Amino acid sequence: MTDSEFGFDKEKLHDNYIGRWVLIYSSGLNTAFSGKLMAIKEGYGLLNPFQHEEIKEGKLVRKLVEDDIGSIVPLIGSAIEPTTEEYLTAYCEMLNKKESKKKESKK
């Protein structure tokens, strides 16, 4: 591993985010992944807990989920932005309220 012309080690660039809450914007995908980055291996990040969506009573519900496996996301070509657990929880709540209002207005 060598330093690039910009003075940082490209292989270890993402290591600074391990143990932190992050938003990951993957190149070529129309979605962002979010959660706590626990590990990095072979160009992939392990998020646990992570933001997850499920259908409950006909509504899309977003929440932070923690499980034994976690979520694997691609890091190569991705942009990473630090965030907080509080922000992700509030974001889930805001989207859930928006979804609920949308369902109610269709009645």
Side-chain angles (χ1 to χ4, degrees):
M1 290 186 275
T2 61
D3 288 343
S4 77
E5 62 188 88
F6 299 109
F8 59 86
D9 186 337
K10 289 186 277 188
E11 297 293 321
K12 294 198 177 240
L13 181 62
H14 296 113
D15 288 353
N16 294 325
Y17 293 97
I18 294 175
R20 297 192 64 188
W21 293 88
V22 295
L23 296 165
I24 300 173
Y25 304 96
S26 293
S27 179
L29 298 177
N30 190 22
T31 188
F33 302 98
S34 56
K36 190 171 188 179
L37 185 62
M38 302 305 291
I40 297 172
K41 188 169 184 177
E42 298 177 7
Y44 291 88
L46 172 65
L47 298 177
N48 202 12
F50 55 96
Q51 186 177 356
H52 179 68
E53 300 171 342
E54 66 182 16
I55 306 293
K56 272 192 174 176
E57 299 173 8
K59 295 179 186 173
L60 186 62
V61 178
R62 294 163 183 88
K63 61 183 179 179
L64 292 177
V65 174
E66 185 169 1
D67 68 13
D68 295 339
I69 300 172
S71 177
I72 304 282
V73 299
L75 294 178
I76 296 173
S78 298
I80 298 180
E81 179 181 325
T83 190
T84 64
E85 180 179 11
E86 293 79 17
Y87 171 82
L88 292 178
T89 301
Y91 185 72
C92 288
E93 290 171 2
M94 180 195 72
L95 290 177
N96 290 339
K97 286 179 186 174
K98 187 176 179 180
E99 180 73 18
S100 182
K101 286 180 183 178
K102 190 167 94 176
K103 280 281 194 186
E104 289 173 12
S105 70
K106 288 184 178 182
K107 289 182 180 179

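Everything numeric in this text was worked out from a predicted model, so none of it was measured.
- By the neighbour-count criterion of 12 heavy atoms within 6.0 Å, atom CD1 of Ile76 is sparsely surrounded, having that number or fewer from other residues, nucleotides or ligands.
- Cluster membership check: Trp21 shares its hydrophobic cluster with Tyr91, using side-chain heavy-atom separations under 4.5 Å among Ile, Leu, Val, Met, Phe, Trp and Tyr.
- In this structure, Ser27 and Gly77 approach most closely via the heavy-atom pair CB-O, 3.2 Å.
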Step by step, would you call Tyr17 with Leu75 a side chain to side chain contact (heavy atoms under 4.5 Å, CB included)? CA-CA 12 Å; Tyr17 293 97; Leu75 294 178; over 6 Å; no
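- Atom CZ of residue Phe33 and atom CG of residue Leu47 lie 8.5 Å apart, to the nearest 0.5 angstrom.
- Clustering ILVMFWY residues whenever any of their side-chain heavy atoms sit less than 4.5 angstrom apart, transitively, puts Ile72 in a cluster other than the one holding Ile40.
- Interatomic distance, OG1 of Thr83 versus CZ of Arg20, reported as 9.5 Å (0.5 Å rounding).
- For Glu53, the side-chain hydrogen bond (donor to acceptor under 3.5 Å, both in side chains) test picks out Arg62, with sequence neighbours left out.
- Between Leu46 and Leu37 the shortest side-chain heavy-atom distance does not fall below 4.5 Å.
- In this structure, the separation between CG on Leu23 and OH on Tyr87 is 6.0 Å, given to the nearest 0.5 Å.
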Let me see the working for Ile80 and Leu13 under side chain to side chain contact (heavy atoms under 4.5 Å, CB included), right down to the final yes or no. CA-CA 10 Å; Ile80 298 180; Leu13 181 62; over 6 Å; no
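- Sorted by first and then second residue, the pairs that involve residues 31-48 and meet side chain to side chain donor-acceptor pair (under 3.5 Å), not counting sequence neighbours, are Ser34-Gln51.
- By the 30° and 60° cut-offs, the orientation of the rings of His52 relative to Phe50 is perpendicular.
- For Glu86, there are no salt bridge (charged side-chain N to carboxylate O under 4.0 Å, His left out) partners two or more places apart in sequence or in a different chain.
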Given the rule in the side chain to side chain contact (heavy atoms under 4.5 Å, CB included) test, do Ile55 and Val61 qualify, once you have shown the distances and angles that lead to the verdict? CA-CA 6 Å; Ile55 306 293; Val61 178; over 6 Å; no
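- Under the 4.5 Å side-chain heavy-atom criterion for ILVMFWY residues, no single connected hydrophobic cluster contains both Leu88 and Val65.
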